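Not measured: the values here are computed from a predicted model. In this chain, residues are counted from 1 in sequence order. Worth knowing before you read on, the calculation uses all heavy atoms, side chains too, and leaves out hydrogens, waters and symmetry mates.
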Amino acid sequence: MSATVLNENNVIAVSFEKDDSAYAGLARLKQLDADGQIELRGAAVVERDADGRVETKETAGKEEWEGTAAGGLIGLLVGILGGPLGVLIGGATGVLIGSLFDLEDTAETDSVLAALSQEVRPGHETLLVELREPSDHKIVDGVMESRSGSVLRRSVADVEAEIAAAEKAQHAARKEARKKLHHEREEKHKEQVDAKVTELKAKLPSRREKAPAGASS
């Protein structure tokens with residue numbers, strides 16, 4: 001029997017009709033990895049709470065995981081989707097992230113992060129996976145479909161590109177916020193200084209009130 005050719009690096013988000021199926025799906029992926037049918041690089045069962053934060057329920061893969069924070073690409077993805085940007089793009093059309101790229105032929109693009117974020121719904125457990133798999137996707141899709149799972153698949157390269165763009169956007173937003181606060185502080189300080197100078201000037205005696213220097217009686 002010939003070895004399985006693993007020629008695609010992908011990230012998948014799998015949502016299930018029953019939440020406990022996410023754990024069963026992860027267990028099956030571990031077995032496929034052990035059998036050499038896929039390479040499981042990182043995975044997490046996650047759930048978004050009512051405030052938009054993403055909680056990690058269970059993890060697996062070749063990367064190190066510490067506490068609830070994940071290592072590797074899935075860890076970065078969970079951090080993005082659970083942060084302020086993930087909440088923002090959860091209902092976005094992709095313009096936010098797409099605008100960070102040079103797109104000459106289209107006004108907007110489908111955002112990878114927006115699509116993944118929409119799969120991580122409040123009150124439902126979702127399986128996020130980074131894996132290397134055959135290009136026909138039949139092995140993984142068959143496993144997930146047998147558990148009533150719906151698979152959203154994006155290439156690792158696309159996910160990494162948008163994570164980098166998201167970090168750039170967050171950095172730019174923080175920089176702009178600091179710039180605006182600095183400007184407002186300067187304007188407020190200038191207003192206070194001007195007000196104080198005006199007050200001091202008002203207290204000065206006018207020339208008419210001054211006695212002529214050296215005046216004799």
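For the atom pair CD1 (Ile38) and NE2 (His137), the distance works out to 12.5 Å, reported to the nearest 0.5 Å. If you take CD on Gln118 and OG on Ser15, they are separated by 11.5 Å, rounding to the nearest 0.5 Å. Considering NZ of Lys30 and CG of Asp33, their distance stands at 10.5 Å, rounded to 0.5 Å. Here OH of Tyr23 is found 3.5 Å from CD of Glu125. Values are rounded to the nearest 0.5 Å. For the atom pair CG of Leu26 and CG of Leu40, the computed distance is 7.0 Å after rounding to the nearest 0.5 Å.
Hydrophobic clustering (side-chain heavy atoms under 4.5 Å, transitive across Ile, Leu, Val, Met, Phe, Trp, Tyr) keeps Val129 apart from Val159. Val11 and Val140 are not part of a single hydrophobic cluster, where members link through side-chain heavy atoms under 4.5 Å apart. Val46 and Leu77 fall within a single hydrophobic cluster, where Ile, Leu, Val, Met, Phe, Trp and Tyr are joined by side-chain heavy atoms under 4.5 Å apart, directly or via other members. Cluster membership for Leu81 and Leu73, using ILVMFWY side-chain heavy atoms within less than 4.5 angstrom, is shared. In this structure, Val54 is a member of the same hydrophobic cluster as Val112, with clusters built from ILVMFWY side-chain heavy atoms closer than 4.5 Å.
Glu133 is listed as a side-chain neighbour of Asn10, based on a closest heavy-atom distance under 4.5 Å. Within the 4.5 Å cutoff, the side chain of Arg147 has heavy atoms near those of the Arg28 side chain. By the 4.5 Å heavy-atom criterion applied to side chains, Thr4 and Ile139 are counted as neighbours. Taking 4.5 Å as the limit, every side-chain heavy atom of Glu160 sits out of range of all side-chain heavy atoms of Leu76. Leu113 places a side-chain heavy atom less than 4.5 Å from the side chain of Ile163. With contacts defined as side-chain heavy-atom distances shorter than 4.5 Å, the pair Leu127/Leu29 qualifies. The side-chain heavy atoms of Leu6 and Pro134, taken from C-beta on, include a pair separated by under 4.5 Å. Considering only heavy atoms from C-beta on, Lys18 stays 4.5 Å or farther from Ser148 through its side chain.
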Report the C-alpha separation of Thr126 and Arg48 in whole Å, then their side-chain angles, then the decisive distance to 0.1 Å, and conclude whether the side chain to side chain donor-acceptor pair (under 3.5 Å) test is met. CA-CA 9 Å; Thr126 302; Arg48 192 186 298 279; over 6 Å; no
For Asp51 and Arg53, what are the C-alpha separation, side-chain angles and deciding distance, and is it a salt bridge (Lys or Arg N to Asp or Glu O under 4.0 Å)? CA-CA 6 Å; Asp51 296 324; Arg53 292 184 294 266; 3.1 Å; yes
Using the salt bridge (Lys or Arg N to Asp or Glu O under 4.0 Å) rule, take Lys203 and Glu199 through it: C-alpha gap first, then chi angles, then the decisive distance, then the call. CA-CA 7 Å; Lys203 293 179 180 180; Glu199 178 186 345; 3.4 Å; yes
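With Asn9 contributing its side chain and Val156 its backbone, the two residues share no donor-acceptor pair below 3.5 Å. Looking at Arg41, its side chain never comes within 3.5 Å of a backbone N or O of Glu130 through a donor-acceptor pair. Formation of a donor-acceptor pair under 3.5 Å by the Glu119 side chain with backbone atoms of Ala13 is not found in this model.
The number of heavy-atom neighbours closer than 6.0 Å to CD of Glu17, taken from other residues, nucleotides and ligands shown, is 12 or below.
A pairwise comparison of heavy atoms in Ser21 and Phe16 identifies CB-CD2, 3.6 Å as the closest pair. Closest approach of Ala114 and Ser111 over heavy atoms only: N-OG, 3.0 Å. Across all their heavy atoms, Thr56 and Ala44 have their closest contact at CG2-CB, 4.2 Å.
For the side-chain contact (heavy atoms from CB on, under 4.5 Å) test with Leu116, the passing option among Ile12, Ile80, Leu152 is Leu152; the others fail.
Remark: Glu145 pairs with no residue by the side chain to side chain donor-acceptor pair (under 3.5 Å) rule, at least two apart or across chains.
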